[in-house]
Structure formats: C-alpha cells, structure tokens
S.K.: 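Starting off with a structure, shown below.
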Amino acid sequence: MLLPSDEAGRGRPVVLLHARPTDRTMWSAHLPLLAEAGVRAIALDLPGHGDALVPDRRTVAPWQDVLDTLDHLGAECFVLAGNSLGALVALQATVTAPERVEGLVLVGYRPHDLPPSPRLQAAWNGERAALAAGDLDAAVKAGVEAWTSADATDEVRAHAARMLRRQLTSQLAHGEPLSATDPLDNDGAALRALAVPALVSVGEHDMPDFFEGGEGLARDLGAGEVAVIPGAGHLAPLEQPAAFGTLLMDFVRRLPTRPPSGSA
C-alpha cells in the first residue's frame, strides 16, 4: 500500500518513521526545522496507524510499503530515521534494500525477543487491562505515562494522548494488522552484514529495555556508543525535537555526498 505522507524542504531525502503508539504527526515540529537545515524531510504513517487504515487484520509488510511509497515520491536513495516501531521498520527496509539507504538514525529500539523488564511489562499490562475493561481513557492515560517522561510538557502529553487515542480506537475497530515474515533474522547476522552508516540513540528517561536494546543494536551495526537524548522518554523526538534534530542533522552532514545520477 502507498502510505500517507507529509513533507517539507528540498535536498537529500530524510524519511521519518514514527513509534507504535503514534503516527506521522509526531514529526510535525521536525519538518520545518529539517527543511530549514537543507534536507527533504518526509514523514510517513505506517500501516495501521494514522491515516494508513488496514481493515480486517490484513497481512502487511510495512518495510515494503515504505520502499514502495518512496518510489512513488521519487526518492531513490534516502536516510531513514525511526523511533521504536519506526526503528524496527527502518532496519527491515534496510535489510530489504540496502543499496537505497544512505544512513540510519534509530531511537528507542528493542528487539522483540528481549524479555521485557518489569517496567515495560507493567506498561503493557496497564494498557491491556484498561482496553479489556472498555476504558479507553484509562488506556490512553496509561500509554502517555509509559511512553513520555516526567519532564514532558503538557503540550507534548496532549499530542501523545491524541495520537494514542486515535491508534487505540482504530485498533479496537479493525484489530492489529498481521505482519508478513520479518526479513530480520533472530541472531543479528542480517544486521551485522549491513554496511550502512548508523546512529543509535535513546531517551535519557526511557525504560532499561531500550538502553539494552540500543547497545546491542549499536554493536551489531558498528555504530559506536549510544547517544542519550537528555530530558526525554521513549518518544524522544516528540519530547525534544530540537535536540533530536541537531543529532540527526549532525549525522546527515557527515554522510558522503552521493554523486549525481548518471555521473561516471
């Protein structure tokens, strides 16, 4: 499927992939900042999120949808930046089409086979219990508390709540989409085989799962130390757009310049 998108600016495409409880509007503050910095920023809704509705629990391959959408938008090569679910999809897309990916910026990553910490399990349990009781307000509140930090502003929390409410409402109406076979293998060999520049980061106040997951991912990708974004929880780009934007653009500016198409 072709994914809904927002974009701003011209230059090297930088594709923004959102976290699970959110949608492409989590990048609204980033689009003008990145455009001003000289790149073409593209924010996508992943299948089952935002405006990318997937009825009847259809099987989806979000990584292929991202690649197909970027084809449609005329972005042959690009940098992928993803938060949480978006980080996973960015990796899946890179393993599928490594020749198209010029760099990876991955925030708040945790492999699915990593046992959850008590804090993460409690967050899942709180949301599920509220949904089982038919209390959407309580489920949204539990999600906002889990995925944003105590430092988050009221505006950030309200934005997170709007996105989460929309996501949960869609999930209740349509169910969660089924995922096609994951192109990542379980032993990390596919990641270690990549030769793509990468930056791995995590919010200062995120759960320990994402520090551990980020450190393992950085080792697999040869990405060096994990960058910690101060004053942020799991949705670090949403809470700290300026800090994340600086981190992202510093990385992008260090990437080699791709020669013009058709040059020798």
Side-chain angles (χ1 to χ4, degrees), residues 14-39 41 43 79-88 90-91 103-111 114 116-120 122-123 141-164 197-255:
V14 175
V15 182
L16 306 168
L17 303 177
H18 61 78
R20 181 193 72 83
T22 70
D23 53 49
R24 74 185 191 274
T25 69
M26 78 166 282
W27 304 107
S28 295
H30 297 264
L31 295 178
L33 296 175
L34 294 176
E36 185 177 355
V39 299
V79 175
L80 292 175
N83 182 195
S84 191
L85 169 64
L88 172 63
L91 289 169
L104 285 165
V105 177
L106 309 167
V107 190
Y109 173 81
R110 167 191 171 273
L114 182 68
S117 68
R119 185 177 163 193
L120 179 57
K141 181 179 179 181
V144 171
E145 289 299 319
W147 307 122
T148 63
S149 74
D151 295 338
T153 64
D154 290 343
E155 181 180 3
V156 164
R157 286 173 171 266
H159 188 177
R162 289 193 301 272
M163 292 187 290
L164 183 57
L199 171 68
V200 179
S201 64
V202 65
E204 177 187 11
H205 304 306
D206 205 351
M207 301 179 192
D209 312 71
F210 301 100
F211 281 86
E212 182 178 351
E215 289 167 0
L217 179 61
R219 286 195 300 271
D220 283 341
L221 296 176
E225 293 188 7
V226 175
V228 177
I229 300 174
H234 188 59
L235 303 179
L238 180 67
E239 289 194 47
Q240 300 293 342
F244 176 76
T246 297
L247 194 70
L248 173 59
M249 286 308 305
D250 285 349
F251 173 82
V252 169
R253 290 183 180 117
R254 292 196 301 269
L255 294 174

S.K.: Any carboxylate oxygen within less than 4.0 angstrom of a Lys/Arg side-chain nitrogen, looking at Glu145 and Arg157?
M.R.: yes
S.K.: Between Gly231 and Gln240, which heavy-atom pair has the shortest distance, and what is it?
M.R.: O-NE2, 3.0 Å
S.K.: Please report the closest heavy-atom contact between Val200 and Gly214, naming both atoms and the distance.
M.R.: CG1-O, 3.5 Å
S.K.: Does a side-chain heavy-atom distance below 4.5 Å link Val202 with Ile229?
M.R.: no
S.K.: Between Met207 and Pro116, is any pair of side-chain heavy atoms under 4.5 Å apart?
M.R.: no
S.K.: From Leu199 CG over to Leu247 CG, what is the distance, rounded to the nearest 0.5 angstrom?
M.R.: 4.5 Å
S.K.: Quick one: closest heavy-atom pair of Ala236 and Val107, and the distance?
M.R.: CB-CG1, 4.0 Å
S.K.: Tell me the closest heavy-atom pair linking Val144 and Ala160, and the distance in Å.
M.R.: CG2-C, 4.3 Å
S.K.: Under the ring pair (Phe, Tyr, Trp, His ring centres under 6.0 Å) definition, can you give me all pairs with a residue in residues 17-37, not counting sequence neighbours?
M.R.: His18-His49, Trp27-His30, Trp27-Phe244, His30-Phe244
S.K.: State, to 0.1 Å, how close Leu248 and Ala81 come at their nearest heavy-atom pair, and which atoms those are.
M.R.: CD1-CB, 4.2 Å
S.K.: If you define the side chain from C-beta out and look only at heavy atoms, does anything of Leu91 sit under 4.5 Å from Leu217?
M.R.: yes
S.K.: State which residues pass side chain to side chain donor-acceptor pair (under 3.5 Å) with Ser84; sequence neighbours excluded, sorted by chain then number.
M.R.: His234
S.K.: Got Glu204 and Phe211 here, is their nearest side-chain heavy-atom distance under 4.5 Å?
M.R.: no
S.K.: Decide yes or no for Val105 and Val252: does some side-chain heavy atom of the first lie under 4.5 Å from some side-chain heavy atom of the second?
M.R.: no
S.K.: Would you compute the distance between atom CZ of Arg24 and atom CG of Leu31 and round it to the nearest 0.5 angstrom?
M.R.: 10.0 Å
S.K.: Do the side chains of Leu235 and Val156 get nearer than 4.5 Å, heavy atoms only?
M.R.: no
S.K.: Shortest non-hydrogen contact from Gly213 to Leu114?
M.R.: N-CD2, 4.3 Å
S.K.: When you compare the side chain of Thr22 with that of Asn83, does any pair of heavy atoms fall below 4.5 Å?
M.R.: no
S.K.: How many angstroms lie between atom CD of Glu155 and atom CG of Leu238, to the nearest 0.5 angstrom?
M.R.: 9.0 Å
S.K.: Would a distance-only check, ignoring hydrogens and angles, find a side-chain to backbone donor-acceptor pair under 3.5 Å from Glu239 to Gly233?
M.R.: yes
S.K.: Please check if any side-chain donor atom of Asp23 sits under 3.5 Å from a side-chain acceptor atom of Thr25, or the reverse.
M.R.: yes
S.K.: Between Asp209 and Ser117 (side chain of the first, backbone of the second, donor and acceptor by atom type, cut-off under 3.5 Å), is there such a pair?
M.R.: yes
